[in-house]
Number of protein chains: 2
Amino acid sequence: MAKATLVSLAESLGVSRQTISNVINAPHRVKPETRLRVEHAIAESGYRPSAAARQLRTRRSMNLGIRLMPVVDGINGSILDRFLHALTEAAQEDSYRLTLFSAATDDDEVRQYEELLNVSDLDGFVLTGTHHGDQRTAWLLENEIPFASFGRPWSDTEDPFSSLHPWVDVDGGAGTQQATGLLLDQGHTAIGFIGWPAGSGAGDDRRDGWRRALQAAGVFADQLDVAVNDGVPAGARAAESLIAAGATAVVCASDSLALGALSAFRSQHRAPATPNVIGFDDTPVAAAVGLSSIAQPIEEAARDIIRVLTHTLSGDADAGRPDKHLLLPPTLAQRVPHPLAGNGWLG
Amino acid sequence: MAKATLVSLAESLGVSRQTISNVINAPHRVKPETRLRVEHAIAESGYRPSAAARQLRTRRSMNLGIRLMPVVDGINGSILDRFLHALTEAAQEDSYRLTLFSAATDDDEVRQYEELLNVSDLDGFVLTGTHHGDQRTAWLLENEIPFASFGRPWSDTEDPFSSLHPWVDVDGGAGTQQATGLLLDQGHTAIGFIGWPAGSGAGDDRRDGWRRALQAAGVFADQLDVAVNDGVPAGARAAESLIAAGATAVVCASDSLALGALSAFRSQHRAPATPNVIGFDDTPVAAAVGLSSIAQPIEEAARDIIRVLTHTLSGDADAGRPDKHLLLPPTLAQRVPHPLAGNGWLG
DNA sequence: ATCACTAAGTTGAACGATCAAATAACGTTT
DNA sequence: AAACGTTATTTGATCGTTCAACTTAGTGAT
């Protein structure tokens, strides 16, 4: 038998196409009796509405685009995994779906926007990893494509809370500040920071948190600040230099770096009774070796991003509108390193 | 100005809509001169074809669905990341896009198929992690939905190479067999295997490879076979019991297990000069600690899956058809453990 | 009996592309 | 110059919905 459509179903039932459409999209408009009759016929015939026809008419695809970031490091990458998951589920709950695309660079990402909008109807985009002078947000704003970003718009001059596009971010600085505060409470004064080279927004923010905590405590430790590219070996080397400079504890911008640092402390037999290395992102590996780490509420962030984006898309009035800009607080996952853990992840 | 369509563009250019359509879809049919004129006008007007209208007419969405598996373990999860990436890129090259969805169980996955087919037009699905008695493949076949799976159809009675649906898989058994062979060559005879409880298809296949290698060498080692659920701690405990039983080397069904095993060997100071623990999947963490591991050609697998699936969808004749069933050989990434590595990942 | 209102259902007209068939333009051959 | 075969372009119909406007019937107030 031929594939069922609204018309074919309507004919066989003796009602109009619109009635069937109403059963699907606005059941309250149909008399319960006929509704049941139609619903039964739908199930019977295996009728499936054509999404294309609906999209053509309603001008909405219920599809959101998201870029799959290049795999950099299996350790930190796992948080992206969680994010993608939460995002998919949140979108699903609001009847949206996620369309993947991959791009090597930001420029490439913009090219992909163009391409995707040409061949696919996307209602909006989710951005991750915003940074200074981000070309992508500029392009999207200019072309009036709806989007929301995980990451605030980093700018030296403008207040992120007055930005034109919705965003959700985690207050990394508050996290490192809290972590540093904890180490201070435990009696450490020579607390180092291992982070990334300046300019990355999120990285600078994390460094600032560490600095703020020390300043508040009246401790001067600017010389205990190291900037390296991410990775376990780099973290170990950085920690070695910090130990040589007298550091007794470190806060790190990532778990990869922290894992290296932990290893450095252990191999120098400088491990105190209480945890003295704190990582960032609370990855599974951190949990496995008992590394304390700053945990981002990533699932919550994903839900908020979807909420704020779908709200923009639904075009509702501002009444009852969720906040367009959200800065979520991280939490500190405190752990006691396993007695054997951390010794020699990679020298 | 209003949004440009084929008709509005055609009018302003003094040509017919079909000519513009041809410029986009079959440029060779249009006189170079007019083609340039049209192309210029397209760029000028910022015209974007409506994907929905095209889909409605052509009855193809160029969209493939893929389920995002639950995050289980940051270590083994990273291979899924690579797979998803490669799949996205391969799809992109063939002008297909990937639509994500998540499902907690297989039953749930089938429900999602239903739902997705109702609200979204998907041309097909990519399945991962096939297993014995897989409900999903059965449902998809019954409803005549095109799909391809990463993972052969596991069955005790039927030959996977005569299965009705296309699949691509990696010959895990060949990998563990080769790995075991290498350990035999190095003089080990008491070689253990740490794998998962029977029934998982891929897991059983890996165990079989180990067994085949030992049988071929005339070694009997059935008592050195341990089945545990995946994880670093479980691997460590399993290795301890194997060491107690006299094992001098182990092959593992995953890097998580291998990491635990490496740790167990080190903490018992039983580390020989040559690597005696071999993992599976060649994850970034394995690379970081210098763990030898069986590497799946995951990018190649992804490309092959897309190729075979898109071919099915294009409906071309069997001539020039790629193989519907592909079993790819893994490779062994041999590494020398870092002197400090592996000591106490988690006892 | 009239009017206003709501509820239930119908109908014509889009939405914006592609397919298939028809026509126009053009150089070649007879 | 007529007939022919390509190539270039146009036209009519169609894909399957939803929107907006319309009919019809039923309810209750005036």
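Chain naming here is simple, since letters A, B, ... match the order of the sequence lines and numbering starts at 1 in each.
In this structure, the CZ atom of B:Arg29 is 13 Å from the C1' atom of D:dT10, given to the nearest Å. Between A:Gln55 atom CD and D:dC15 atom P the separation is 19 Å, expressed in whole Å. For the pair A:Leu9 CG and D:dT17 C1', the interatomic distance rounds to 13 Å; values are reported in whole Å. Atom CD of A:Glu11 is separated from atom P of D:dG16 by 13 Å (rounded to the nearest Å). Distance CZ (A:Arg37) to C1' (C:dA8): 13 Å, rounded to an integer number of Å.
Ring-plane geometry between B:Tyr113 and B:Phe125 is classed as tilted, the angle between the planes lying from 30 to 60 degrees on a 0 to 90 degree scale. Classification of the A:Phe161-A:His325 ring pair by plane angle, with boundaries at 30° and 60°, yields perpendicular.
Ionic pairing of B:Arg303 and B:Glu299 is not present here: no N-O contact between side-chain nitrogen and carboxylate oxygen is shorter than 4.0 angstrom. A:Glu93 has no carboxylate O lying under 4.0 Å from a charged side-chain N of A:Arg307, or vice versa, which leaves the two without a salt bridge. With respect to the salt-bridge test (charged N to carboxylate O, under 4.0 angstrom), the residues B:Asp106 and B:Arg67 qualify.
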Completion exercise
5' to 3', nucleotides 10-19 of chain C under a 4.0 Å protein heavy-atom cut-off (B base, S sugar-phosphate only, - none) gives BBBBBBBBBB
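Distance alone, capped at 3.5 Å, is enough to place a donor-acceptor pair between the B:Asp123 side chain and the B:Met62 backbone.
Each end of the helix from C:dA1-D:dT30 to C:dT30-D:dA1 yields a helix axis from five base pairs, and these two axes differ in direction by 50° (to the nearest 10 degrees).
With a 6.0 Å radius and a threshold of 12 heavy atoms from other residues, nucleotides or ligands, A:Arg35 has its CZ atom above the threshold.
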Handout entry: Check against side-chain contact (heavy atoms from CB on, under 4.5 Å), B:Val30 and B:Val38
Key = CA-CA 10 Å; B:Val30 181; B:Val38 171; 5.9 Å; no
